[in-house]
There are 2 protein chains.
Amino acid sequence: MENKNMDKSDYLEQAADIDQLDEKILKLITKNARIPFLEVARECGVSGAAIHQRVQRLLNIGVITGSEFTVNPQKLGYNTCAYMGIYLEKAKYHRQVVAAMRDIPEIVECHYTTGQYAIFIKIQTKTNKHLKKIIDSQLQEIEGIARTETFMSLEMDFKRQVPIQ
Amino acid sequence: MENKNMDKSDYLEQAADIDQLDEKILKLITKNARIPFLEVARECGVSGAAIHQRVQRLLNIGVITGSEFTVNPQKLGYNTCAYMGIYLEKAKYHRQVVAAMRDIPEIVECHYTTGQYAIFIKIQTKTNKHLKKIIDSQLQEIEGIARTETFMSLEMDFKRQVPIQ
DNA sequence: GTTGAAAAAGATTCAAA
DNA sequence: TTTGAATCTTTTTCAAC
């Protein structure tokens, strides 16, 4: 291997070959996963079979990773949203800390970051009290975490996917 | 009105009435928006019509907000992900700053926060250079922004929706 | 609220271009 | 890669429970 510090997965992930039809398809199905492919076909001026095959290809090459119905957390009783920066005692604890976080379902996003924090998470809880409980009785108990800093979201102004095209 | 500082929308959003069947449906369709409702029906041991009506109700009462195919940003060439805390010159600029951010498609999430930052965003760009360009030529130009702090994500460890049940 | 049955619509496959 | 046609499955509606 040319460089002992890299393996294949460390190279820049190659952007997929996406043409304008793919983009148009993606724009439609990333906004509504239940849209009939025949309707996509009509809007794109091609056959349903073409859309079917294109979507299959986009799935196969990993451009599309799946589909989901999205829920409104508040309607499920999740009224508190916060971001937290995590300081580790030692950087080498990273892996095990992330593993522990995966077991806390309220942590909905977890990133390995640079800057002042080693890990950065998004957490959604039912109440502020629920958040405090998780911080005190779960997060602070994780071996390797030195301390945490919390940024409460008072309101989510918007959320969307990466721009297509 | 009892309290001049609140209007109806400021009260705690009431969690919806969700029974175990709703939860089972949500678990399935939040993981795969394209799953046939008949398959959901089979897994739940009820009729397809029941699933159809339940999903319709969950949409009507706002528990489900929509559906989307999810894309892998890297496959679209978006290799840089960062979180940014925004300091405002004055809190009153909040509204107009958020409006300006909405016009920057690379900003995929925007929150009104407490703590050291007034606004907290997630931004996805093609490269670090692309991020720098947006910070220098777009973000810093927004009237009301004092300064920003950036936390680069080196790796997203996981991402998921709020726990159901 | 749930059901089964009917009708309408969509998904999937495939041979041909 | 795309297409239209054939087939199979799902969605949607609705009267009845």
Side-chain angles (χ1 to χ4, degrees), chain A residues 13-77 161-165, chain B residues 13-77 161-165:
Chain A
E13 180 138 20
Q14 194 53 54
D17 275 338
I18 300 293
D19 66 16
Q20 289 200 321
L21 178 54
D22 289 321
E23 282 174 4
K24 195 159 184 184
I25 294 169
L26 286 173
K27 276 188 195 170
L28 291 166
I29 69 178
T30 54
K31 285 186 176 56
N32 174 12
R34 276 279 173 171
I35 188 175
F37 290 171
L38 281 175
E39 191 177 327
V40 176
R42 286 187 284 269
E43 295 213 36
C44 295
V46 295
S47 70
I51 301 299
H52 183 261
Q53 290 183 153
R54 292 262 184 162
V55 170
Q56 203 53 56
R57 174 179 167 270
L58 291 168
L59 277 164
N60 288 340
I61 64 179
V63 170
I64 295 171
T65 52
S67 66
E68 50 189 48
F69 270 91
T70 50
V71 300
N72 176 353
Q74 297 188 323
K75 291 288 187 178
L76 293 179
Q161 288 199 66
V162 142
I164 291 160
Q165 179 227 135
Chain B
E13 179 139 17
Q14 194 53 54
D17 276 337
I18 299 294
D19 65 16
Q20 289 199 321
L21 177 54
D22 288 322
E23 281 173 5
K24 195 157 183 185
I25 294 169
L26 285 173
K27 275 188 196 172
L28 291 166
I29 70 178
T30 55
K31 284 185 177 57
N32 174 11
R34 275 279 175 171
I35 188 175
F37 291 170
L38 281 174
E39 191 177 327
V40 176
R42 286 188 284 268
E43 295 213 35
C44 295
V46 296
S47 70
I51 302 298
H52 184 259
Q53 290 184 157
R54 291 263 184 160
V55 170
Q56 202 53 55
R57 173 179 167 270
L58 292 169
L59 276 164
N60 289 340
I61 65 179
V63 171
I64 295 172
T65 52
S67 66
E68 49 190 48
F69 270 91
T70 49
V71 299
N72 175 352
Q74 297 187 323
K75 291 288 188 178
L76 294 178
Q161 287 198 65
V162 142
I164 291 159
Q165 181 229 135

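Proteins come first, then strands; the chains are lettered A, B, ... in the order of their sequence lines, and each starts at number 1.
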Whether B/Arg42 contacts D/dT10 is assessed here as follows: a side-chain N or O lying under 4.0 Å from the phosphate OP1 or OP2. Is that the case? yes

Is any side-chain N or O of A/Arg54 closer than 4.0 Å to OP1 or OP2 of D/dT2? yes

Tell me: [atom1] of [X] to [atom2] of [N], nearest whole Å?
X	N	atom1	atom2	result
B/His52	C/dG4	NE2	P	16 Å
A/Glu39	D/dT11	CD	C1'	14 Å
B/Ile51	C/dG4	CD1	P	13 Å
A/Leu59	C/dA11	CG	C1'	14 Å
A/Ile29	C/dA11	CD1	P	12 Å
A/Phe37	D/dC8	CZ	C1'	17 Å
A/Arg57	C/dT13	CZ	P	18 Å
B/Leu38	D/dT11	CG	C1'	8 Å

Is the shortest distance from a Lys or Arg side-chain nitrogen in B/Asp19 or B/Arg54 to a carboxylate oxygen in the other one below 4.0 Å? yes

Hey, which of B/Ile25, B/Ile51, B/Val40 is the one that makes side chain to side chain contact (heavy atoms under 4.5 Å, CB included) with B/Ile35? B/Val40

Just one of A/Ile64, A/Leu26, A/Leu28, A/Val63 clears the side chain to side chain contact (heavy atoms under 4.5 Å, CB included) bar with B/Phe69, so which one? A/Ile64

Residues, nucleotides or ligands: over 12 heavy atoms within 6.0 Å of A/Asp17 CG: no

From [options], nucleotide with atom closest to [X] side chain:
X	options	value
B/Ala50	C/dA11, C/dT2, D/dT3	C/dT2
B/Gln53	D/dT3, C/dT3, C/dG10	C/dT3
A/Arg34	C/dA11, D/dT11, C/dT3	D/dT11

I want to confirm an ordering. Mapping B/Ala49 and A/Leu21 to their closest nucleotides on DNA chain D, which one lands closer to the 5' end? A/Leu21

Taking B/Arg34 for the side chain and A/Ala33 for the main chain, is one N or O donor matched with an acceptor at less than 3.5 Å? yes

